[in-house]
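Reviewing the structure listed below.
The structure presented is a predicted model; accordingly, all values stated were derived computationally and were not measured. Reminder, nothing fancy here: chain letters follow the sequence lines and each chain counts from 1. Below, each value reflects all heavy atoms present in this structure, side chains not excepted, and no hydrogens, waters or symmetry copies.
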Amino acid sequence: MSALLELTFVLLALASCRGLQDGGIDEEPELVFQPSKFGSLWPLPQKVQISEVSFKLSPSNFQISDAKESRSGSSCSLLQLAYRRYYDYMFEGVKKVDRSVRADPTELLELQVWITSPDTECDSYPTVSSDESYELSVDQPVAVLKAPKVWGALHGLETFSQLVYEDEYGAKSINYTTISDFPRFAHRGVLLDTSRHFLPIKVILANLETMAMNKFNVFHWHIVDDPSFPYLSKTFPELSRKGAYHPYTHVYTPADVKMVIEFARLRGIRVVSEFDTPGHTQSWGKGQPNLLTPCYSGSKPSGTFGPVNPILNTTYDFMRKFFKEVSSVFPDSYIHLGGDEVDFTCWKSNPDIQKFMEQQGFGKDYSKLESFYIQRLLDIVTTTNKGYIIWQEVFDNGVKLKPDTIIHVWKGNQEKYQLEMANITSAGYQTLLSSPWYLNRIAYGQDWQGHYRADPQDFKGTEEQKKLVIGGEACLWGEYVDATNLTPRLWPRASAVAERLWSAKEVTDISDAYSRLSVHRCRLVERGIPAEPLSPSFCPHEYKGI
Amino acid sequence: MHLTGLVGQEGEMLNMKVMCSENPGYSTLLNYTFLLFIIQQIGLVKVQSVWPLPQTCITSTERYQLKPQTFSFGYRGQLTEQHSCSVLDAAFKRYFSILFPDYPSGNDTLQFTENEVFTLTISLDHHDCEGYPNQDSSERYKLNVFAGRASLNAETVWGALIGLESFSQLVYQDDVGSYYINKTYIEDFPQFKYRGILLDTSRHYLPVPAILKTLDAMAYSKFNVFHWHIVDDPSFPYQSHTFPELSSKGAFHPVTHIYTQSDVRRVISHARMRGIRVLPEFDSPGHTKSWGKGQPVLLTPCYRGGNPSGAFGPVNPTLSSTYQFMAALFKEVATVFPDSYIHLGGDEVDFSCWRSNPYVRAFMQKMGFGLDFSKLEAFYIEKILNITLALRKTSIVWQDVFDYHERRKSLSVVEVWKQGCYLCEVRRVVKAGLRVILASPWYLDQPGPTHNWARYYNVWPLAFKGSEKQKQLVIGGEVCLWGEYVDATNLSPRLWPRASAAAERLWSNEKQTFSVDRAFPRLQEFRCKLLRRGIQVEPLYVGYCKHEYQSV
């Protein structure tokens, strides 16, 4: 799915010394910033009422705390850590905290967080069916954030922090507000690729943090691929020792992986790992001899290798052990198994494979061989009690799938992916959309508008079919991306996807989105995230992390 | 790793000489290069290349170890410890950390004997450390690394800085962290004297540290002009002491989003220490919307029907107050910015507002311009040129001015920026006897997969029909990073390493640098060096650097 050749570098003839904008080449209409009635809320909550009445917040008097009635208390460190995080975000740059200052009568003193359900899920991992809803009422003297589970509370805290603004004298203020909110889609993901370039842990964590600010809830970790195998497997340490770019500096140790998973959990984010096979596995072969198919030129092995060798029992023994480990390392109930872009030429060249094809009665149809492999792999993964996500080719090739399989659509233009979504859902499978959200493709100007307009439920199908769309993912493939340019390339472009996946279907006003997104991006910048600009403009606090 | 002891002997035995541009896998012309290739493949010898490629560079497998504890910079000739050069003293400090990134945390704890001292001795033909680099400054240098020491000779301090950069790129670390340099001889000078980067601080404000960091990276790629497109329509961040209202009303924010006089001095001084000139651009009469906020009556009021519409157009060329203002502003600019060049802009003037204004039309009639507004524009520019001439500055204008100006003699340097057949335009300009800076092929504000660096490499600025003398009028080129979609969050990876591709085109000999395939591994290696120096440089393609970028 990385589709490196599809990188669309839009080479537009420059019409102007200043770039394209004055030349009228941009198709997008010119947007003018006008403060939105929804302030800088991003993604827009389902129901919002903001009044003109405003309260002050002072760093010395304001606090976030557990409501008396809350089922959660000080033992829930997930929430306690979040309180601190959001306090810091809201009062960033405010140095002195003088506890002796008397409260102003128009001051908001407290945000009480009230978890209503007996099982707060504080110590659990978020899942695809987690309740992420929350209700927020900002009133004097206390604001109340009510949520059935901690996941909703985390989102509510982010929303609350987005309501806080500086008045013209620099004082922190918040308006009387009522919000009732829940996500439109359950699966809202960002894919990062750590094989084509190694991403230091710090970069992954910073992006998890930014995902939480955008209410994304799935980190799809495309952890290994052809170029390198940075995952340090306890069962098969040779895989990274020989397959990583460097066996020590360019690997993810079990401790690293744990840290990523916990950091994500504390922000309500699932970590879905992808171990893509049988293609995209060149790096696996270095540490695991006999795993890949030897390619032949004429009657002799050419020395190169193709996809995983599907005809050997040793392959499946390896996969069984390997996925057993993976399923215990990654707590999420889903594993992404890849299955995309399998090149048949090597299989075709190999006489043993040809013989096997004959024995199995596959004729010349190598997609049958692929299906054969995938079937067995799915059976193996099923024994680990994990659900699986696979790229669309596996469905396209007619592999028999469990009914709860999630099919990830990544190919094609709008017409094609909509047809694919219709086909998948009419076959009764759940699906995820990524085709319009390949953010590694870049163009001059405001391409976020295109990402914003795409809608995963926009295809011909029944209501029942639409319900099978569980969400989508923004993908940032790594051919040309590493720690140097990842964050500004991803943000705020991924934020456009975030709103599409969270907010109500009817939220499509592009100029209102532009105004909110402009301020949202400045908020990201102020929080230390180098999110790139949308247009000529400025932020009150420019990026300083140079 | 355990073979490192062997390498010295091996190297001495073979004592092979190769061009620095040769890379493993790309060298089949010479037999000894092929030998070297084999040795490199088994991991014994490493040959560092210098980016941009020097004019002459011969290197051998003989190598010397460098140790931070015993390495020193030294002066020779007119330069002595007592009579030293402040620019070089500062450069020694910078380059010491670049040469030895692990020091003092490195694991070199052994004691060394006297004969292991490695000294880089520097001599200058002209002891001119106090001045500023200019268009005529020599950047020529000779670097000789042999017999366990190195000498660097340059005509000027600016050449010495460039030589230091080359020297720093020759030093490498082996797998256990020891530093080495191979026996090398370099004679070098730039193909083009003007090698610029344009940053736009009007469409987005760039904090001073972002500018300084860019200057650092420019020095690593041997760029020597920072073209500061400091003001434009969206904002006026330059704080003028003559007209403080310009920034207090025209900047995005009057306090946080401006460049104070001390900021500007800091930028100029940081640049000078790296041999970089700062060329200010105050673009007029178009691109001046932000000027109007702090300087009433400067811009032309546009009319709709018979009444002013409330909107404003380009600078009003019909009022004498305009020229008084411009003379005062440029007088200030001429003293604040020491460079002898000044960029006057002059591009993309929209005539519709002038046309709508009855006073402008009346002026046109009076001057006998008919309905040709380009004559009015020429009239304006002519006046501005006279102002800068009186200030003894050489002015640069965008090609638009050349295209419509009839009295081309008053022009001196033209910057070609439009797309299409840009070499046709270059040819027209040099035919008129004017100097040219080429920018068209190097508009880097468009994002692109970095493999597109080849587009910026495969540019041949002199590939037009013309005499030797005419070709000499092409004084250089410039990379432009316009700011519509660029600010401090994405500036660096958008600029580098693509600008480095342009840097080699502007510095190196075309005949030695025509091949993208041969440049690719060198550029990859250079990119990793830049990462190690903390510059946020995008990847060229799939792969890795030993030391990845560690920030976010």
## Note on the structure
To the nearest 0.5 Å, atom NE2 of A:His541 lies from atom OG1 of B:Thr256 at 8.0 Å
#### Entry: Proximity breakdown for B:Leu531 and chain A, heavy-atom pairs closer than 4.5 Å
side chain
### Task
Can you measure from OH (B:Tyr549) to CG (A:Asn485) and round to the nearest 0.5 angstrom?
10.5 Å
### Task
Give, as side chain, backbone, both or neither, the part of B:His257 having an atom under 4.5 angstrom from any heavy atom of chain A.
side chain
### Query
In this structure, which one of A:Ser535, A:Pro536, A:Ser537, A:Pro533 forms a side chain to side chain contact (heavy atoms under 4.5 Å, CB included) with B:Glu484?
A:Pro536
### Query
Using non-hydrogen atoms only, which part of B:Cys545 is less than 4.5 Å away from chain A: side chain, backbone, both, or neither?
backbone
### Task
Hey, could you give me the OG1/CG distance between A:Thr484 and B:Asn490, rounded to the nearest 0.5 Å?
11.5 Å
### Message
Return the CZ to CG distance between A:Arg521 and B:Asp487, rounded to the nearest 0.5 Å.
### Response
4.5 Å
### Task
Would you mind checking which part of A:Leu486 comes under 4.5 Å of any heavy atom in chain B, side chain (CB onward), backbone (N, CA, C, O), both or neither?
neither
### Task
Pick one of side chain, backbone, both or neither for A:Ala531, based on which atoms fall under 4.5 Å of a heavy atom in chain B.
backbone
### Query
Who pairs with B:Lys249 by salt bridge (charged side-chain N to carboxylate O under 4.0 Å, His left out), at least two apart in sequence or on another chain?
B:Glu245
### Task
May I ask you to check whether over 12 heavy atoms, not counting those of A:Glu166, lie within 6.0 Å of atom CD?
yes
### Query
Are more than 12 heavy atoms from other residues, nucleotides or ligands located less than 6.0 Å from atom CZ of B:Arg266?
no
### Task
Check whether any side-chain N or O of A:His197 sits under 3.5 Å from a backbone N or O of B:Tyr541 as a donor-acceptor pair, and report yes or no.
yes
### Query
Measuring heavy-atom distances to chain B, does A:Val525 have an atom under 4.5 Å in its side chain, in its backbone, in both, or in neither?
side chain
### For the student: nearest non-hydrogen atoms of A:Tyr480 and B:Leu540, plus distance
CE2-O, 3.3 Å
### Task
Can you tell which part of B:Gln550 gets under 4.5 Å to a heavy atom of chain A, answering side chain, backbone, both or neither?
both
### Query
Can you tell if the side chain of B:Glu538 reaches within under 4.5 Å of the side chain of A:Arg489, non-hydrogen atoms only?
yes
#### Entry: Interatomic spacing from NE2 in B:His253 to CZ in A:Phe538 - rounded to 0.5 Å
7.0 Å
### Task
Output all residues satisfying side chain to side chain contact (heavy atoms under 4.5 Å, CB included) with B:Tyr544, sequence neighbours left out; order by chain, then residue number.
A:Tyr245, A:His250, B:Glu548
